[in-house]
Amino acid sequence: MSELKKGPLFITNTITRQKEEFKPLNPPHVGLYVCGPTVYSDVHLGNVRSFTTFDVLYRWLTFLGYKVRYVRNITDVGHLVDDVDAGEDKIAKRARLEQLEPMEIVQKYTNGFHDVMRLFNLKDPSIEPTATAHLIEQIGMVDRILKNGYAYEANGSVYFDVPKYAEKFAYGELSGRKIDELIANTRDTEGMEEKRSPLDFAIWKRADAHHLMKWPSPWGEGFPGWHLECSAMSTKYLGPTFDIHGGGMDLKFPHHECEIAQSVAADGIAPVRYWMHGNMLTVNGRKMAKSEGNGFTPEELITGNHKLLEKGYSAMTVRFFMLQCHYASTLDFSNEAMQASEKGLDRMMKAIDLLPKLKPGAADEADIVALEQRCHGAMNDDLNTPVMIAELFEGVRIINSVNDGKLALTAASIERLKSLFFSMVNDVLGIRMEEGPADQAKDDKALEGLVREFIRMRAEAKAQRDFAASDAIRDKLSAVGIILKDSKEGTTWERA
RNA sequence: GGUCACGUGGCCGAGUGGCUAGGCACAGCUCUGCAAAAGCUGCUACAGCGGUUCGACUCCGCUCGUGACCUCCA
């Protein structure tokens, strides 16, 4: 058993805009923080793409042997509908609309989120902290920022003093923004009188008497600002500086920019060493977003019950479709592309099914070790899943050729190929193999026996060269969704 | 308006200063009684215009087009 060439891993650090070698702070431990959902509505496919990106990152780091502490939060308070005037909380607003207690909303959509994560085979994070369970930490952080002079209290709210911070630190370095331009581009809005600068953002917000979600604080009853929870919880579980912070591109500004500012202002140290941002899922060239009305839920996707969908697609097909595109590129959803992925995945799964049946030969006519190294190399090159999948299709060709007796592989190479596919497809890409479209009904004993009997009858007809009868059997089975395939070794069947 | 991306063959999508991405579709061939599957082969592209270079799809500039962020968003 030769040593696998697994390293080094390069990832694009969005704060430097460069591909950098990943070196954890305290190897073999890796701290990974990913911005989770705000649980006030159903997640849509665009959200799934983002979480899938970091799921694969988590899986790959684990595969490389790192001990990853993966923190993905649930935002259950503090996410303002409008930061400027009313300051109503998204969850509170939803609660009012649905006439539910805010925590009912949180529970409902948290459950829904978890269902979707399971459906798409996303691994659970090591810690899934909620904002409401970390009020103490958040208040503590506000306090530190105040004490350090980077925030001010106004009328029961506390605002982060961006211009003051920018005197000493590089506010805007992540998103590439310049503070003068930001000020120049600010629109006049209502209710800004409390803020000294339009760029300032709330880290603690006073709650009115009728406000549903509020907690006592040194500044009165209120609730934490949106950006604060991630800073407070990442600091608590991963330390003041940790390895990787991930999220969607659309969180870069202002959310992640504010996170950096908060951590630096509170603890005097940059919180994150590698920032990673996943790109958007688009539909007809436009970002999938609730406001566009072009999003569909995973349920609609699977049933095909949506005007943009010609048919339903399985969760694993969707996952495969997403991974055929690099995470940093936009990915455009279309029925044509989905069907291409569905067929490609199907072909791959059928090849995987053949793996245990391959007959070893005396020599190797394909280099499995090299294939393996190319797979690993693709992943180490900024998680290039599309290239890795392309390599796997090379493996598919090899498997089929060996199966056809056109290519020889030794028993050892077959074993290696088997474990390569298992680790890359199942462990790293997170495609559940048993759910391959290939054979869902194979464990149905009665059906298997029935089809076998038809195959036997058809073989008899064929032996007597009664092709009309044999074709009739095949056609009728085909009409009920059973496809027969003849080969030298006999006839096999599968579901259409 | 400001900032930043992107524009690849019929479709989706990688990548690189000179050498085949891959998937799907299509065509031909092999196999087969026929079909399906599988394999082989073919179709061979990098928005436009300039520039740098021995050589650019890959670097630079401009033009056109598209998108994202600047307000909540994965």
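Note: hydrogens, waters and symmetry copies are ignored here, and every other heavy atom, side chains too, is used. Predicted model only: the values in this text are computed from it and were never measured. By convention in this document, chain letters (A, B, ...) are assigned in the order of the sequence lines, proteins followed by strands, and residues within each chain are numbered from 1.
- If you take atom C1' in B:rC31 and the same atom in B:rU16, they sit 38 Å apart, rounded to whole Å.
- B:rG65 atom P lies 20 Å from atom CG of A:N284, rounded to whole Å.
- Per the geometry, CD1 belonging to A:I183 stands 13 Å off P belonging to B:rU71, to the nearest Å.
- Under the salt bridge (charged side-chain N to carboxylate O under 4.0 Å, His left out) criterion, A:R456 pairs with A:E453, A:E460, not counting sequence neighbours.
- Partners of A:E365 according to the side chain to side chain contact (heavy atoms under 4.5 Å, CB included) rule, which considers only residues two or more places apart in sequence or in another chain, are A:L407, A:A408.
- On the P atoms, B:rC59 is 12 Å away from B:rG15, given to the nearest whole Å.
- Among residues two or more places apart in sequence or in another chain, the side chain to side chain donor-acceptor pair (under 3.5 Å) test is passed with A:N13 by A:E20.
- Nearest heavy atoms, A:D161 versus A:R196: OD2-NH1, 3.8 Å.
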5'-to-3' dot-bracket of RNA chain B (Watson-Crick, G-U; under 3.5 angstrom; crossing pairs as [ ]; | other strand): (((((((..(((.....[...))).(((((.......)))))....(((((..]....))))))))))))....

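- Using a 4.0 Å heavy-atom cutoff across all strands shown, A:N279 reaches at least one base atom of the nucleic acid.
- The same atom, C1', is picked in B:rA5 and in B:rG51; the two are 23 Å apart, to the nearest Å.
- Taking atom C1' in both B:rU20 and B:rG9, one finds a spacing of 14 Å when rounded to whole Å.
- With hydrogens and angles left out, the side-chain atoms of A:S413 and A:D364 include a donor and acceptor closer than 3.5 Å.
- Spacing between B:rC19 and B:rC57 at atom P, rounded to whole Å, works out to 10 Å.
- With B:rA25, B:rC69, B:rG39 as the choices, the nucleotide that has an atom nearest any side-chain atom of A:K343 turns out to be B:rA25.
- Sorted by first then second residue, the salt bridge (Lys or Arg N to Asp or Glu O under 4.0 Å) pairs that include residues 314-323 of chain A, not counting sequence neighbours, are A:D55-A:R319.
- Contact annotation: A:N400 side-chain N/O to B:rA38 OP1/OP2 distance is not under 4.0 Å.
- Contacts of A:L407 with the nucleic acid, taken as non-hydrogen atoms under 4.0 Å apart, are absent.
- Atom pair A:E342:CD and B:rC12:C1' shows a separation of 14 Å (rounding to whole Å applied).
- By the 6.0 Å and 45° rule, A:R177 stacks over the aromatic ring of A:F253.
- In terms of position on RNA chain B, the residue among A:R177 and A:I398 whose nearest nucleotide sits closer to the 5' end is A:I398.
- Across all strands, A:G46 comes closer than 4.0 Å to base atoms (heavy-atom distances).
- Closest to the side chain of A:I483, out of B:rA36, B:rC12, B:rG13, is B:rA36.
- Put simply, CE on A:M249 is 17 Å from C1' on B:rU71, counting in whole angstrom units.
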Sugar-phosphate or base contact per nucleotide [nucleotides 17-22 of chain B; S, B, -; heavy atom under 4.0 Å]: ----BS

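- Atom-to-atom, NE2 of A:H227 to P of B:rU71 comes out at 10 Å; the value is rounded to the nearest Å.
- Nucleotide B:rC11 holds its C1' atom 13 Å from the CD atom of A:E310, rounded to whole Å.
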Where protein sits on nucleotides 27-35 of chain B, one letter per nucleotide: B base, S sugar-phosphate only, - none, heavy atoms under 4.0 Å: ------BBB

Let me check something: any side-chain donor-acceptor pairs from residues 391-398 of chain A under 3.5 Å, sequence neighbours excluded? List them with distances.
unit_1: A:E391; atom_1: OE1; unit_2: A:R374; atom_2: NE; d: 2.8
unit_1: A:E391; atom_1: OE1; unit_2: A:R374; atom_2: NH2; d: 3.4
unit_1: A:E391; atom_1: OE2; unit_2: A:R374; atom_2: NE; d: 3.4
unit_1: A:E394; atom_1: OE1; unit_2: A:R397; atom_2: NH1; d: 2.8
unit_1: A:E394; atom_1: OE2; unit_2: A:R397; atom_2: NH1; d: 2.9

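- Rounded to whole Å, the separation between the C1' atoms of B:rU58 and B:rA21 comes to 15 Å.
- With salt bridges taken as basic N to acidic carboxylate O contacts below 4.0 Å, one links A:E98 and A:R94.
- Along RNA chain B, the nucleotide nearest to A:K19 and the one nearest to A:S50 differ in position, and the one closer to the 5' end is contacted by A:K19.
- In this structure A:L308 satisfies the side chain to side chain contact (heavy atoms under 4.5 Å, CB included) test together with A:V283, A:N284, A:F296, A:H306, sequence neighbours excluded.
- Regarding contacts with the backbone of B:rC40, a side-chain N or O of A:R397 is found under 4.0 angstrom from either OP1 or OP2.
- For A:S329, whose side chain is taken as the heavy atoms from C-beta onward, the closest listed nucleotide among B:rA14, B:rG2, B:rA38 is B:rA14.
- For A:K406, the salt bridge (charged side-chain N to carboxylate O under 4.0 Å, His left out) partners at least two apart in sequence or on another chain are A:D404.
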Show the atom names and distances, to 0.1 Å, of all donor-acceptor pairs under 3.5 Å that link a side chain in residues 116-124 of chain A to residues at least two apart or in another chain.
unit_1: A:R118; atom_1: NH2; unit_2: A:D115; atom_2: OD1; d: 3.0
unit_1: A:N121; atom_1: ND2; unit_2: A:G430; atom_2: O; d: 2.9

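- The CE atom of A:M280 sits 17 Å away from the C1' atom of B:rU66 (whole-angstrom rounding).
- A:Y159 and A:K205 are linked by a side-chain donor-acceptor pair at a separation below 3.5 angstrom, with hydrogens and angles left out of the test.
- Heavy atoms of A:M288 sit under 4.0 angstrom from at least one base atom.
- Remark: C1' of B:rC12 and CG of A:L345 are 15 Å apart, rounded to the nearest angstrom.
- Nucleotides B:rG28 and B:rA68 are separated by 45 Å at their C1' atoms, to the nearest Å.
- One C1' atom belongs to B:rU8, the other to B:rA56, and the distance between them is 14 Å to the nearest Å.
- Using a 4.0 Å heavy-atom cutoff across all strands shown, A:H277 reaches no nucleic acid atom at all.
- Between A:N384 and B:rA14 there is no side-chain polar atom (N or O) within less than 4.0 angstrom of OP1 or OP2.
- Partners of A:F160 according to the ring-ring contact (aromatic ring centres under 6.0 Å, His included) rule, which considers only residues two or more places apart in sequence or in another chain, are A:Y165, A:F201.
- Between A:K252 and B:rU3 there is no side-chain N or O to OP1 or OP2 distance below 4.0 Å.
- Of all nucleotides listed (B:rA74, B:rA14, B:rG13), B:rG13 comes nearest to the side chain of A:L331.
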